[in-house]
Amino acid sequence: MKKTPLQRHPPPPPPPPPKFLLSFGYLSWDWVKSGVLENEPSIYPEKTFQLRTKSPPHIIFILTDDQGFHDVGYHGSDIETPTLDKLASEGVKLENYYVQPICTPSRSQLITGRYQIHTGLQHSIIRPRQPNCLPLEQVTLPQKLQEAGYTTHMVGKWHLGFYKKECLPTRRGFDSYFGSLTGSVDYYSYDSCDGPGMCGYDLHEGETVAWEQSGKYSTHLYTQRVKKILATHDPRQPIFIFLSFQAVHTPLQPPKEYIDKYKDMGSVVRRKYAAMVSCMDEAVKNVTYSLRKYGYYQNSVIIFSTDNGGHPFSGGSNWPLRGRKGTYWEGGVRGLGFVHSPLLKRRRRVSKALVHITDWYPTLVSLAGGNISDSEGLDGFNVWPAISEGKESPRIEILHNIDPLYNHARSGSWEKGYYLWNTAVQASIRFGDWKLLTGDPGYSDWIPPQTLSDFPGSWWNLERRTDILKKSVWLFNITADPYERYDISEQHADVVRKLLARLAYHNRTAIPVRYPADDPRANPELNGGAWGPWVGDEEDDHWDDIVWMKSKSRKKCKQCKLKPYFRKMNSRIMSNRI
């Protein structure tokens, strides 16, 4: 491949190695003991043999919520994950894999294959009371798989909007849906709150409220649903299952039987978090066991991914990476992921191929025999040859995001951006070995696992950077310095300029931010006590009249008319002048 000008620039010498080692322990595996696996009848009991067929593969995509980069056994964690360790060791570990720093953006990019600047979801998440959802004109991944002859099912957390029925999973390409629509619910009661006194029930079967399932632990409940789907589907027909676990997002509510093995952990928060990870690990074991039991496994592709980095205050760990969930440091965007499949041509290896969550869309559609030639504007690439055969990744660049509504860095300016880019704006991009951040990237500390106590003020050996507020531009050679310890922006001003120009280029392709004010009609008390659609499909959207504002200002504005200031601000955003 011909090298680009940026790639020709020699990287700086590698930094000194950190004072720690990551251990890679592969634990024993027992497919017969399946934990909480139930003896479910199958309408295809004779299909328990290994299917030898050239039909499109069954695709099982497992997404965990807020699981940290360090929170898996094969990354040296103190949390036991024998299932994930075994699947990853026998498949391909993705060690140069990126997601988004928070929930909605990762899910939107997975399901559309597009950067969030191309779906209007650049800022924050979709809140329960916002009349907002994944743009309806976007053709989703499950819709493309349906075109290819797949039966599609989603189980778990949606978090892509639900204010209209047209926004629901069953209207976006899934033949069935069972799960929660909002971003966070109680694991047993399925209550979800969006502020004091604004709570409602959130567990849905298709487009109806599943009141009767209250009291059942969500990780177990979702696993049972996947097993039921596998037991009743004909394995001769291709199936796509998107299992979007609520685990291990807060609230920290593990079943008691999983806590005992972590009783010696000093932090109660970390102990509960670890127990929830172990519970999820066992759930993955049960799903994989069912794939074997019902005859899917030999023609299946299992993809495991987290949606963003872990949050140390909630028990997660991204060590040795910098930062946490919600930031554009590696701890927020470096994803935990692997692919396990008998169809892989080169297994039992670690892949350093650059992969982004948008890549799953074209990769899986192509793997399914679908057509992506009519999907113009995709930001993802087909990375299956890189994963399966070890070929070079077609991706050399990742736009982590451009968020014009996030708090602007006081130290940023057009001048510091060589008049190519306003460095006060929160943005991040990776090109080859280089990674650039501007604006306020978010919480920037390194938090070793031993500092995860219940009281942040009592943390010891916490590495803090006090100069963070004085800067608005950072540059790292992320290959030589994956832990972002050595800012080299001053030594490589030419690279900074080129990457700032790339940010400006991408920003010219962005669509307006969709971040409307709360709609009082969303109150669950007005909708039978549950969260669900509250706007009729016949009601027109008026995106030109949306209040484009920062979250801190939302409480001050109750009307939905666009103030002159915000109209001017939005115009400047889209003309690339801020």
Side-chain angles (χ1 to χ4, degrees), residues 33-40 60 62-67 71-72 79-84 103 153-159 169 176-193 199-206 208-231 241-263 265 268-290 304 306-307 310-311 314-316 529-531:
K33 297 178 181 179
S34 57
V36 298
L37 182 68
E38 300 169 352
N39 294 321
E40 296 173 329
I60 313 298
I62 301 173
L63 188 70
T64 57
D65 199 342
D66 288 7
Q67 184 177 4
D71 297 328
V72 66
I79 301 176
E80 297 178 16
T81 57
T83 303
L84 302 184
C103 303
H153 302 274
M154 180 175 176
V155 178
K157 175 177 172 178
W158 175 239
H159 207 187
S176 77
Y177 172 69
F178 180 68
S180 298
L181 299 173
T182 63
S184 176
V185 302
D186 186 282
Y187 281 73
Y188 291 97
S189 70
Y190 300 97
D191 287 334
S192 175
C193 296
C199 301
Y201 185 81
D202 184 17
L203 185 63
H204 297 261
E205 175 82 59
T208 61
V209 182
W211 297 102
E212 70 282 359
Q213 301 292 352
S214 178
K216 301 176 183 177
Y217 191 67
S218 74
T219 303
H220 292 158
L221 190 61
Y222 293 161
T223 306
Q224 292 165 7
R225 175 52 58 97
V226 172
K227 294 189 307 185
K228 181 178 180 180
I229 291 171
L230 293 172
I241 298 178
F242 178 27
L243 174 54
S244 178
F245 279 118
Q246 175 188 352
V248 286
H249 196 289
T250 53
L252 300 179
Q253 296 175 301
K256 294 181 180 179
E257 60 268 27
Y258 296 91
I259 299 181
D260 290 343
K261 66 172 64 178
Y262 300 111
K263 60 183 178 181
M265 280 188 174
V268 174
V269 172
R270 181 69 172 169
R271 190 184 313 159
K272 291 181 178 180
Y273 177 92
M276 292 170 66
V277 173
S278 288
C279 181
M280 179 272 297
D281 181 84
E282 185 179 72
V284 174
K285 180 178 182 179
N286 290 332
V287 169
T288 314
Y289 178 88
S290 294
F304 181 89
T306 186
D307 66 341
H311 201 312
S314 301
W531 292 104

Short question: side chain of [X], backbone of [Y] - any donor-acceptor pair under 3.5 Å?
X: Ser214; Y: Trp211; result: no
X: Asp202; Y: Thr182; result: yes
X: Trp531; Y: Leu181; result: no
X: Asp191; Y: Asp186; result: no
X: Ser184; Y: Thr250; result: yes
X: Ser176; Y: His153; result: no
X: Tyr262; Y: Glu80; result: yes

Using 0.5 Å steps for rounding, measure from the [atom1] atom of [X] to the [atom2] atom of [Y].
X: Leu230; Y: Thr288; atom1: CG; atom2: OG1; value: 10.0 Å
X: Asp281; Y: Leu84; atom1: CG; atom2: CG; value: 4.5 Å
X: Tyr273; Y: Asp66; atom1: OH; atom2: CG; value: 7.0 Å
X: Phe242; Y: Ile60; atom1: CZ; atom2: CD1; value: 12.0 Å
X: Lys261; Y: Ile79; atom1: NZ; atom2: CD1; value: 10.5 Å
X: His159; Y: His249; atom1: NE2; atom2: NE2; value: 7.5 Å

Do Leu221 and Leu203 come within less than 4.5 Å of each other through their side chains, counting heavy atoms only?
yes
Any side-chain heavy atom of Met276 within less than 4.5 Å of one from Tyr187?
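Heavy-atom side-chain distance check passes, below 4.5 Å.
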Nearest heavy-atom neighbours spanning [X] and [Y]:
X: Ser180; Y: Tyr190; value: OG-CD2, 4.2 Å
X: Gln67; Y: Val277; value: NE2-CG1, 4.1 Å
X: Ser314; Y: Val269; value: C-CG1, 3.5 Å
X: Ala274; Y: Met265; value: CB-CE, 3.9 Å
X: Met280; Y: Ala247; value: CB-CB, 4.3 Å
X: Ala210; Y: Phe178; value: CB-CE1, 4.3 Å

Per the side chain to side chain donor-acceptor pair (under 3.5 Å) rule, which among Gln253, Gln213, Gln246, Lys157 passes with Ser218?
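Among Gln253, Gln213, Gln246, Lys157, the one meeting side chain to side chain donor-acceptor pair (under 3.5 Å) with Ser218 is Gln246.
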Any idea how Tyr258 and His220 line up, ring-wise: parallel (<30°), tilted (30 to 60°), or perpendicular (>60°)?
tilted
Parallel under 30°, tilted from 30 to 60°, perpendicular over 60°: which one fits the rings of Tyr188 and Tyr217?
tilted
The test is side chain to side chain contact (heavy atoms under 4.5 Å, CB included); show your working for Thr64 and Val284 and say whether it passes.
CA-CA 11 Å; Thr64 57; Val284 174; over 6 Å; no
Sort out for me which residue in Asp65, Thr306, Asp307, Thr219 forms a side chain to side chain contact (heavy atoms under 4.5 Å, CB included) with Phe245.
Thr219
Any donor-acceptor pair under 3.5 Å linking the side-chain atoms of Asn286 with those of Thr223?
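Checked: Thr223/Asn286 side chains show no N/O donor-acceptor pair below 3.5 Å.
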Please walk me through it: do Val155 and Ile229 pass side chain to side chain contact (heavy atoms under 4.5 Å, CB included)?
CA-CA 10 Å; Val155 178; Ile229 291 171; 4.0 Å; yes
